[in-house]
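Hydrogens, waters and symmetry mates play no part in the numbers below; they use all other heavy atoms, side chains included. Here, residue 1 is the first one in the sequence, and each next residue gets the next number. Order of appearance sets the numbers: ligands from 1, and atoms from 1 within every ligand.
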Amino acid sequence: MSDCIFCKIANKEINTELVYESEKVVAFKDINPKAPIHVLVIPKKHIETVMDIKDEDKEIISDMYKAIREIAKELNIDEKGFRIITNCKEDGGQEVMHLHMHMLAGKKLSTNII
Ligand code: AMP
Ligand code: ZN
């Protein structure tokens with residue numbers, strides 16, 4: 001997707017410091033952090049929303065969770081923990097239409113999510 005900002009980050013057309021990269025996944029810091037640690041984990045493949053994930057993408061989804069485990073260890077939040085959020089479409093508050101997982105950490109997070 002030529003006009004997708006997260007595709008541009010994954011393809012390195014936009015110079016963003018990556019905190020993680022593997023064959024199918026990259027991660028980088030959110031530009032507008034909502035917690036002391038706020039990382040976005042995305043597939044290199046352009047998948048718009050959770051509703052567009054296909055069975056053939058299962059390795060990508062598995063690799064996104066692998067990325068999260070490795071990032072958590074790297075950032076020393078594996079013991080205290082973190083929250084993973086994926087917003088889906090309009091009512092979910094999804095602004096960037098390229099699948100991503102928010103990884104939030106660094107303090108005791110509020111459970112008030114609605
Ligand atoms: P969502 O509302 O779930 O689609 O989240 C999109 C997230 O992407 C927001 O938290 C934004 O702050 C973040 N974001 C948008 N553009 C960039 C960018 N160029 N680099 C890093 N984070 C971004
Ligand atoms: Zn994209």
Report, in ascending order of atom number, the atoms of ligand 1 lying under 4.0 Å from any heavy atom of [X].
X	value
Asn32	12 (O)
Asn87	1 (P), 2 (O), 3 (O)
Ile5	19 (N)
Lys29	21 (C)
Leu40	8 (O), 13 (C), 22 (N)

Polar proximity ligand 1 side, [X] side, N/O cut 3.5 Å exclusive:
X	answer
Gln94	no
Phe6	no
Ile31	yes
Val96	yes

**Request:** Output yes when Arg69 and Asp78 qualify as a salt bridge under the 4.0 Å nitrogen-oxygen rule, no when they do not.
**Result:**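 Salt bridge: no.
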
**Asked** Is a salt bridge present between Glu59 and Lys24, judged by a nitrogen-to-oxygen distance below 4.0 Å?
**Response**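 A salt bridge links Glu59 with Lys24.
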
**Asked** With a 4.0 Å cut-off on heavy atoms, does Thr16 reach ligand 1?
**Response**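 Thr16: no contact with ligand 1 (<4.0 Å).
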
**Asked** Closer than 4.0 angstrom: is that true for some heavy atom of Met97 and an atom of ligand 1?
**Response**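 In this structure, Met97 fails to qualify as a contact of ligand 1 - no heavy atom is under 4.0 Å.
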
Should [X] and [Y] count as side-chain neighbours, where that means a heavy-atom distance under 4.5 Å?
X	Y	result
Val39	Leu75	yes
Lys45	Ile60	yes
Thr49	Leu99	no

**Request:** For the atoms SG of Cys7 and ND1 of His46, give the angle they form at the Zn ion (ligand 2), rounded to 10 degrees.
**Result:**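 Value returned, to the nearest 10°, is 100°.
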
Tell me the protein heavy atom at minimum distance from [atom], and give that distance in Å.
atom	value
atom 13 (C) of ligand 1	Asp30 OD2, 3.4 Å
atom 4 (O) of ligand 1	Glu95 N, 2.7 Å
atom 1 (P) of ligand 1	His100 NE2, 3.2 Å
atom 2 (O) of ligand 1	Gly93 O, 3.0 Å

For the student: nearest non-hydrogen atoms of [X] and [Y], plus distance:
X	Y	result
Val50	Thr86	CG2-CG2, 3.6 Å
Val26	Glu21	CG1-CG, 3.8 Å
Lys44	Ser22	NZ-O, 2.9 Å
Pro43	Met64	CD-CE, 3.8 Å

**Asked** CD of Glu13: more than 12 outside heavy atoms within 6.0 angstrom?
**Response**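 Yes.
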
**Asked** Using heavy atoms and a threshold below 4.0 Å, how should the contact between His102 and ligand 1 be classified: side chain, backbone, both, or neither?
**Response**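 The answer is the side chain of His102.
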
**Prompt:** Should the proximity of Ile85 to ligand 1, defined as any heavy atom under 4.0 Å, be assigned to the side chain, the backbone, both, or neither?
**Reply:**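 For Ile85, there is no contact with ligand 1 at all, from either part.
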
**Message:** Check the orientation of His98 and His46. Use parallel for under 30°, tilted for 30 to 60°, and perpendicular for over 60°.
**Reply:**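 It falls in the perpendicular class, over 60°.
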
**Asked** Which residue, Val41, Ile77, Ile37, forms the side-chain contact (heavy atoms from CB on, under 4.5 Å) with Ile71?
**Response**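 Going through Val41, Ile77, Ile37 one by one, the side-chain contact (heavy atoms from CB on, under 4.5 Å) with Ile71 is satisfied by Val41 alone.
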
**Request:** Would you mind naming the N, O or S atom of His98 nearest to the Zn ion (ligand 2)?
**Result:**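 Relative to the Zn ion (ligand 2), the closest nitrogen, oxygen or sulfur of His98 carries the name ND1.
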
